[in-house]
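Structure, as structure tokens:
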Amino acid sequence: MHHSQINSDIRKLIADGTVLPAHPLALTAERKLDEKHQRALTRYYIDAGAGGLAVGVHTTQFAIRDVGLYRPVLELAAETAASWTRRPLAMVAGLAGSTRQATAEARTARDIGYHAGLLSLAAMKSAAEDEIIAHCTAVAAEIPLVGFYLQPAVGGVILSSRFWQRFASIDNVIAIKIAPFNRYRTLDVLRGVAAAGALDRVALYTGNDDHILLDLMLPFDLRDNGVTTRTYFKGGLLGHWSVWTASAIKQFERCKAARHKDSVPADLLALDARVTDCNSAFFDVANNFHGCIAGCHEILRRQGLIQGLWCLDPAEGLSPGQKEEIDRVCREHADLSDDAFVAANLDKWLA
């Protein structure tokens, strides 16, 4: 499947930039798929105004592959979305593992109706750059790709600007999620895409939880042989946006409106720090992100969107002190939550 085959409205949606929440996994106390609450989550993101969904990604738990849930979870999200709204939604499937596994997952996602695959390179840690590019090229032959620069703390591989130039030169790459949580490495990706002459084809999506709003509003000037090219992040694909999503979409729209202006309101710039403070609790920065999935679950549990914090791996849960940090940010940044929106619609989503 080539990107030219994607519905034009959806292709434009991805290219122009949108909000793509990373879809969590709702489980029962027996750690089985809770279809009722899984559907409710999908409906929540759609009604909040998300431009699409990322399913089978880190926030969905990579372990779904080990328990036979990869296809069922992707199918459930796609079926729920199709029955809940008629507006265009960009459906992105997480792809992981060896070339054999990732290409098989790409075919599965494509057959279900997903438009693109977010390719994790965590399995390629020991591979040379040429081998990684060959891996990406093989997967791109099956489905349009969203590249993924994941931070090393949760399994990412450090990659050069030259790598990103080569990656962006793959014709079926349509976007890159930039999430190294590092400004130097973020610039490496931007420089690489610019060097490939691919800024018009490859949309830049932030996954930098430490600077979400700044990424979304600020210009980036790239210099080459005395020539300046100005570019912007177009959207975001974030686990952070799996919670308080209705509020996040309002923030995204404010950032988008602030682009290309001579000045940005100081209050909007300052809001970046408040969002980062919330993320520090949700993603358990104090414990090197150990409780990042459970932290998002805790917010959704408090809202009634899921029943508990259970992860497929019983060892995954809140870290010591994380609940208290979540209590703090929920209290100090209550105006950034979307609790009232969820409360007003929860019965409908659970029906």
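Only a predicted model underlies this, so the values are computations on that prediction, with no experimental measurement involved.
Side-chain atoms of H23 do not come within 3.5 Å of backbone N or O of V55 as any donor-acceptor pair. Listed for the Q303 side chain is no donor-acceptor partner under 3.5 Å among the backbone atoms of A343.
Side-chain contact, Y44 with D338: a donor N or O sits under 3.5 Å from an acceptor N or O.
A salt bridge links R328 with E325: the closest approach of a Lys/Arg side-chain nitrogen to an acidic carboxylate oxygen falls below 4.0 angstrom. Salt bridge E298/R301: present, at least one basic N to carboxylate O contact under 4.0 Å. D47 has a carboxylate O that lies under 4.0 Å from a charged side-chain N of K348, or vice versa, which qualifies the two as a salt bridge. Looking at D327 and R331, no side-chain N of the basic residue comes within less than 4.0 Å of a carboxylate O on the acidic one, giving no salt bridge.
Using cut-offs of 30° and 60° for the angle between ring planes, the F167 and W164 rings count as perpendicular.
Within the structure, salt bridge (Lys or Arg N to Asp or Glu O under 4.0 Å) pairs that include any residue of residues 211-239 comprise R183-D215, D221-R230 (at least two apart or interchain). For residues 207-229, the pairs satisfying ring pair (Phe, Tyr, Trp, His ring centres under 6.0 Å) are F220-F233, with sequence neighbours left out.
When the salt bridge (charged side-chain N to carboxylate O under 4.0 Å, His left out) test is applied to D200, no partner is found at least two apart in sequence or on another chain.
Using a 4.5 Å heavy-atom cutoff, the side chains of Q38 and L27 are not in contact.
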Inset, instruction - Mind running side-chain contact (heavy atoms from CB on, under 4.5 Å) on Y149 and L159 for me, showing each step along the way? - result: CA-CA 8 Å; Y149 199 177; L159 298 160; 4.3 Å; yes
